[in-house]
2 protein chains.
Amino acid sequence: MQTALASTRAAPAAKRPRGRPRKTLDERDDGNRRRALIVGAARLFRRKGFDGTSTRDIAAAAGMQSGSPFYHFRSKQALLFAVMEEGMRHAVERQSEAVAAAGALSAPEQLRLLVRKHFEVLLGPGNDFIPVMLYEARSLTPRQRATLAGLQAQYEAAWQPVLQALHQSGRLKADVKLARLLIFGALNWSVQWFDRRKGATLEQLTDAALALFIGEKQ
Amino acid sequence: MQTALASTRAAPAAKRPRGRPRKTLDERDDGNRRRALIVGAARLFRRKGFDGTSTRDIAAAAGMQSGSPFYHFRSKQALLFAVMEEGMRHAVERQSEAVAAAGALSAPEQLRLLVRKHFEVLLGPGNDFIPVMLYEARSLTPRQRATLAGLQAQYEAAWQPVLQALHQSGRLKADVKLARLLIFGALNWSVQWFDRRKGATLEQLTDAALALFIGEKQ
DNA sequence: CCTACCGATCGGTAGG
DNA sequence: CCTACCGATCGGTAGG
């Protein structure tokens, strides 16, 4: 039977089980816990809405006690913003990569690429961030909304020249600005009905969208 | 000075001030108060979401005390359902009228009519009911959702033959089922960005949508 | 990060 | 419909 005295005599290192590897800077619990909160919050915000989710729900999802999220985030709102900002940065990144990786493409091919990437970011596995951004923006402060609007403008900027070119070549008949808004609506609404487990694939979805918008698959 | 006795002697009609017209059954306060709750709730649910709106807010909007909404509705959820159901019944009605009033139309003309009516129901003045239905369905019971799904199916049924005809004549290239989902998305998303006071008119919006979907204005 | 807690607010109800 | 109220839950904090 170990006494309290014996316990204090043991070397500090002995308290850590030998089999457990030392963690590097990048996997420090600090970042991991913060990350766990963001991921859990995204899932809950999407399923139950911002106002329908309690910070206790979020804490539990990350295996914490009820007050602990506030060690990582100043407020529930700050956590919401973190979810949305990470979602938008990820979306802008994926879009940039895709555009950079593709060689010289025709305007219809460019549109196809943008639509395809948009569906991936929106409907890909584990992607709750963008849906939350699309449907919970009401709960942000004006300042936070403005920051996100900047990222959204950056994202939309890639579409403008493509739509412009399609309009000038006669493939896109509608007014360019209104067409962009209607197109984003058609794509974004898919988070309401698309089910990855059944029905169409992302490829078929992309085909249908291209056919609808410019009357051809590419 | 009128005594209590004199009062009981007077004919019942004398109790009501002469200047105030008798109310018909349809404008009884009962219905008016219930209606006021529905209208106020729709506005608040749309602006702040279902979970972000308190029943006290709703009561105040209708000029009532905090507990009074529960005299008219069993629960907050029942009030939400009433908003959505009324919105959908109105939408189905408006659509039926429009279809009935129009003579024999070509398929593109039929599509234009449906799109135009859809925008009116969605974006017309004082129309918070449908936006609430589109964005707060998560807060319904499965049973309520099923009832609404029936009305929605009724609404969508008018579109199916039109899209089918356009597909067969080659004007609509996309798969009909996916096209319908994408089209509703394009239209429904407009509640997020359309501003009646500036920018496009409903007519221009309809033009753009028709041009985008079938490459022509009619 | 946990413990223990606070003031505020919430949906809803009993009784009139 | 109002008054008065209840139990539950909420976002957030102090102190460790």
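Within every chain, numbering begins at 1; the chains are lettered A, B, ... in the order of the sequence lines, protein sequences first and strands thereafter.
Secondary structure note: stems in DNA chain C built from 3 or more consecutive Watson-Crick or G-U wobble pairs under 3.5 Å occupy C:1-16 with D:1-16.
With contacts defined as side-chain heavy-atom distances shorter than 4.5 Å, the pair I183(B)/W159(B) qualifies.
Rounded to whole angstrom, the span from the CG atom of D51(B) across to the P atom of dT9(C) amounts to 17 Å. As a whole-Å value, the separation of Q65(A) CD from dC10(D) P is 15 Å. Rounded to whole Å, atom P of dC1(C) lies 5 Å from atom CZ of R33(A). Straight-line distance from the CZ atom of R34(B) to the C1' atom of dC1(D): 15 Å, rounded to whole Å. Rounded to whole Å, atom P of dG11(C) lies 16 Å from atom CE of M64(B). The distance between atom CD1 of I58(A) and atom P of dT9(D), rounded to the nearest whole Å, is 17 Å.
Rounding to the nearest 0.5 angstrom, the gap separating the OG atom in S139(B) from the CG atom in D51(A) is 10.0 Å.
In terms of position on DNA chain D, the residue among S54(A) and G63(B) whose nearest nucleotide sits closer to the 5' end is G63(B).
Considering R43(B), K48(B), K76(B), R47(B) as possible partners of D57(B), the one that fulfils the salt bridge (Lys or Arg N to Asp or Glu O under 4.0 Å) test is K48(B). Of the residues listed (L172(A), L163(A), T206(A)), the one engaging L111(A) in a side-chain contact (heavy atoms from CB on, under 4.5 Å) is L163(A), and it is the only one.
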Before giving the answer on side-chain contact (heavy atoms from CB on, under 4.5 Å), spell out for L140(B) and M84(B) the whole-Å C-alpha distance, their side-chain angles and the decisive distance to 0.1 Å.
CA-CA 10 Å; L140(B) 296 174; M84(B) 295 188 181; 3.6 Å; yes
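Looking at S68(B), its side chain never comes within 3.5 Å of a backbone N or O of M64(B) through a donor-acceptor pair.
Relative ring orientation between Y135(A) and W189(B) is described as perpendicular, the plane-to-plane angle rising above 60° on a 0-90° scale split at 30° and 60°.
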Taking only N/O atoms, report every protein-nucleotides 12-16 of chain D pair under 3.5 Å with atom names and distance.
residue: dG12(D); atom: OP2; partner: K76(A); partner atom: N; Å: 2.7

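Checked against ring pair (Phe, Tyr, Trp, His ring centres under 6.0 Å), F129(B) has no partners two or more places apart in sequence or in another chain.
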